[in-house]
Peer 1: 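Have a look at this one before I ask anything.
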Amino acid sequence: MKKIRRFTAYLMQGLFTLSGGMTSLVIMLIVVFLFKEGLGLFQSPAVENGYVLCVNAANTIEKLDSKQIKQIFDSEISDWGELGGKDGEIMLFRFDEIFSLYSEDELGDDYALLPLRLGEVVERNTGILAFLPERYLPAGHAAIKVLLTGKVLPDDFFGGTEWMPTATPAPQFGTLPLVFGTLWVSIFAILIALPLGLGVAIYLSELAGERIRKLLKPAIELLAGIPSVVYGFFGLVVFVPLIQRTLHLQVGETALAGSLILAIMALPTIITITEDALRNTPETMREASLALGATHWQTIYRVIVPYAASGISAAVVLGIGRAVGETMAVMMVTGNAAVMPHSLFESVRTIPATIAAELGEAPAGGTHYRSLFMLGCILFVITMIISISAEVISKRQHGREL
C-alpha cells in the first residue's frame, strides 16, 4: 500500500513538472515567435513590396526615404531642388497611367512590350518619378535609374507620428499616436476608477455589515465576468450619445468614452485587491489606534490605508494592465482615429484595437503584417513592465506583513 502511495505521489509530481515545463515552453515559443515576426519589420523595404521608384538617369538624386516619398506623393514637395537635386518640377507617374498613353497594339500581346514602353516614358521626361512594379522594370535600360529607398527604420517606427500602413508607395508606420492613445485612455481610466474603487473597498472592508458585504462583493466580482463586447455595446448606446449631447461634440466616440468604459471594467480588479489589502491589516493596529483615542474614520485613513498602500498600489497597477490590454470595448467607443491625442474629447486609437482591426486584412508576411506584430511586441513590453511592477509591490506588502 505504501509503495502504491509513493508511486502515485511520484507520478503526480512528474505530471505537474511536465505540465509546468510544457506551459513554460509554449509561453517562450509564443514570445520568440512574436518578436521574430515583429523584428522582421526592420528588414522590410520602405516602399510597397514588389515595387520600385525610378527616375531619369540624368537625375542626380540617388536615394529617398519614406517621409520624402510621402511628401512628394502628397504634393508637399514638388521640386527636385527641395531634395538636393537640380531645380525642376517633379512629374509623378503611376504604373496604371501607361494604359492611357499607349494602345493595346503598342503594348504588344500579353503586354510583352510593356517594359519597353515604360522605359520610353522615363527616358522622355527628365523630371519624372515613376512608381513601377519591379517585374515590369525595363532590364538594362540606360536611361532609367532605380532609386534607393532603404528599409523601414526603427526611428521612423518608434518616433513617427503617422500611422498609414496601406499608403502607397511608402506606407507610414509611426506608432506614437497608438502608444499615446493607449496610455491616454488607460491613465484617465485609472484616474476615474481609483477613487471610486478605493471608496468602495473601504466601505466593504471597514463600514459595511457582513450581510451587505456578502451581497455586494459577489455582485462586484460578477462585473469581471461580463464580456468586453457587452461593455462596448453599453458604451456605444449610453456613453457615446450622452457625451456628444452634453459636450456638444461632433462625435461622441472619444477618448473620454473609452476611459469611462475602461474605468468600469477595471473597478472589480481594483476593489477586490484593495479590499483584501485593507482587511489584511493586523487587528492589533486597529485596536491600538482606537485605544489612543482615534475615531473610526481617523483609524481608517491614518492607519489602515497607509498600511495597505502597497496592496492598493498593486491594485492600481493591475487595473492599468486590465485597461492597457482591452480591445473590443475600446475599439467600439473611441472612434479609431490614429492621430496624436491632445484632449479627452478627440477620437483616438489604441494598440490592441489597431491589431484587432487590421490583422485580418494584412497580407501574411508583408510589411503591414510585421508592423502589427511589432505593435504586439510593444504591448508585450508594456504589460510585462506592469506585471513586474505589481509583483514587486506585492512582495513589499508581504514583507511588511512579516
Peer 1: With sequence neighbours left out, what residues match E97 under salt bridge (Lys or Arg N to Asp or Glu O under 4.0 Å)?
Peer 2: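 By the salt bridge (Lys or Arg N to Asp or Glu O under 4.0 Å) rule, E97 matches no residue at all.
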Peer 1: Just verifying a value: how many Å separate T166 OG1 and E48 CD, rounded to the nearest 0.5 Å?
Peer 2: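 If I round to the nearest 0.5 Å, the distance is 9.5 Å.
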Peer 1: After noting the C-alpha distance and the side-chain angles of I320 and V316, does the key distance pass the side chain to side chain contact (heavy atoms under 4.5 Å, CB included) rule?
Peer 2: CA-CA 6 Å; I320 294 174; V316 173; 4.2 Å; yes
Peer 1: Would you please name every residue forming a side-chain contact (heavy atoms from CB on, under 4.5 Å) with M384, sequence neighbours left out?
Peer 2: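 F380, I388.
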Peer 1: List the steps and the verdict of side chain to side chain contact (heavy atoms under 4.5 Å, CB included) for L148 and L64.
Peer 2: CA-CA 6 Å; L148 299 174; L64 293 175; over 6 Å; no
Peer 1: At what distance, to the nearest 0.5 angstrom, does CG of L53 lie from NZ of K145?
Peer 2: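 Atom-to-atom, L53:CG and K145:NZ are 12.5 Å apart.
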Peer 1: Got a sec, which pairs hit salt bridge (charged side-chain N to carboxylate O under 4.0 Å, His left out) with one end in residues 149-172, sequence neighbours left out?
Peer 2: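 Matches after skipping sequence neighbours: K70-E162.
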Peer 1: Mind running side chain to side chain contact (heavy atoms under 4.5 Å, CB included) on V122 and F93 for me, showing each step along the way?
Peer 2: CA-CA 9 Å; V122 176; F93 181 84; 5.9 Å; no
Peer 1: If you look only at pairs with a residue in residues 12-36, which of them pass as a side-chain hydrogen bond (donor to acceptor under 3.5 Å, both in side chains), with sequence neighbours excluded?
Peer 2: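 Residue pairs with at least one partner in residues 12-36: there are none.
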Peer 1: Could you check whether atom CD of E210 has more than 12 heavy atoms from other residues, nucleotides or ligands sitting under 6.0 Å from it?
Peer 2: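 Enclosed: over 12 neighbouring heavy atoms sit under 6.0 Å from CD of E210.
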Peer 1: Near F73 CZ, under 6.0 Å, is it more than 12 heavy atoms from other residues, nucleotides or ligands?
Peer 2: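 Count over threshold, so yes.
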Peer 1: Please list all pairs meeting salt bridge (charged side-chain N to carboxylate O under 4.0 Å, His left out) that have one or both residues in residues 328-347, counting only residues at least two apart or in different chains.
Peer 2: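 Qualifying pairs, neighbours excluded: none.
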Peer 1: Just grab all the salt bridge (charged side-chain N to carboxylate O under 4.0 Å, His left out) pairs involving residues 83-94, residues at least two apart or on different chains.
Peer 2: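 Output for this query is empty, none listed.
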Peer 1: Please report, to 0.1 Å, the donor-acceptor pairs under 3.5 Å made by any side chain of residues 184-204, with sequence neighbours excluded.
Peer 2:
residue : atom : partner : partner atom : Å
W184    : NE1  : S343    : O            : 3.4
S186    : OG   : T182    : O            : 2.7

Peer 1: According to side-chain hydrogen bond (donor to acceptor under 3.5 Å, both in side chains), does anything in residues 265-275 pair up with another residue at least two apart or in another chain? List the pairs.
Peer 2: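 Listed once each, the pairs are R213-E275, K217-E275.
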Peer 1: Does anything in residues 116-130 pair up under salt bridge (charged side-chain N to carboxylate O under 4.0 Å, His left out), and if so which pairs, sequence neighbours excluded?
Peer 2: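 Passing the test, one end in residues 116-130: R117-E120.
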Peer 1: Using the ring centroid of each side chain, check whether F95 and F131 are separated by less than 6.0 Å.
Peer 2: no
Peer 1: Report yes if the distance between the aromatic ring centroids of Y136 and Y111 is under 6.0 Å, otherwise no.
Peer 2: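 Y136 vs Y111: aromatic centres not under 6.0 Å.
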Peer 1: Mind checking what makes side-chain contact (heavy atoms from CB on, under 4.5 Å) contact with R349, not counting sequence neighbours?
Peer 2: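 By the side-chain contact (heavy atoms from CB on, under 4.5 Å) rule, R349 matches W163, L178, N336, A338, T354, E358.
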Peer 1: In residues 236-251, what donor-acceptor pairs under 3.5 Å come from side-chain atoms, sequence neighbours left out?
Peer 2:
residue : atom : partner : partner atom : Å
Q244    : NE2  : Q250    : O            : 2.9
T246    : OG1  : L242    : O            : 2.7

Peer 1: Kindly list each side-chain donor-acceptor pair under 3.5 angstrom involving residues 222-232, sequence neighbours excluded, with atom names and distances?
Peer 2:
residue : atom : partner : partner atom : Å
S228    : OG   : E326    : OE2          : 3.3
Y231    : OH   : L223    : O            : 2.6

Peer 1: For a side chain to side chain contact (heavy atoms under 4.5 Å, CB included) with I90, tell me which candidate from N59, I77, D79, V55 qualifies.
Peer 2: I77
Peer 1: Dump the intermediate steps for side chain to side chain contact (heavy atoms under 4.5 Å, CB included) on F42 and L153, then the final yes or no.
Peer 2: CA-CA 6 Å; F42 303 122; L153 300 176; over 6 Å; no
Peer 1: For K67, does the NZ atom have more than 12 heavy-atom neighbours from other residues, nucleotides or ligands under 6.0 Å away?
Peer 2: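 Open.
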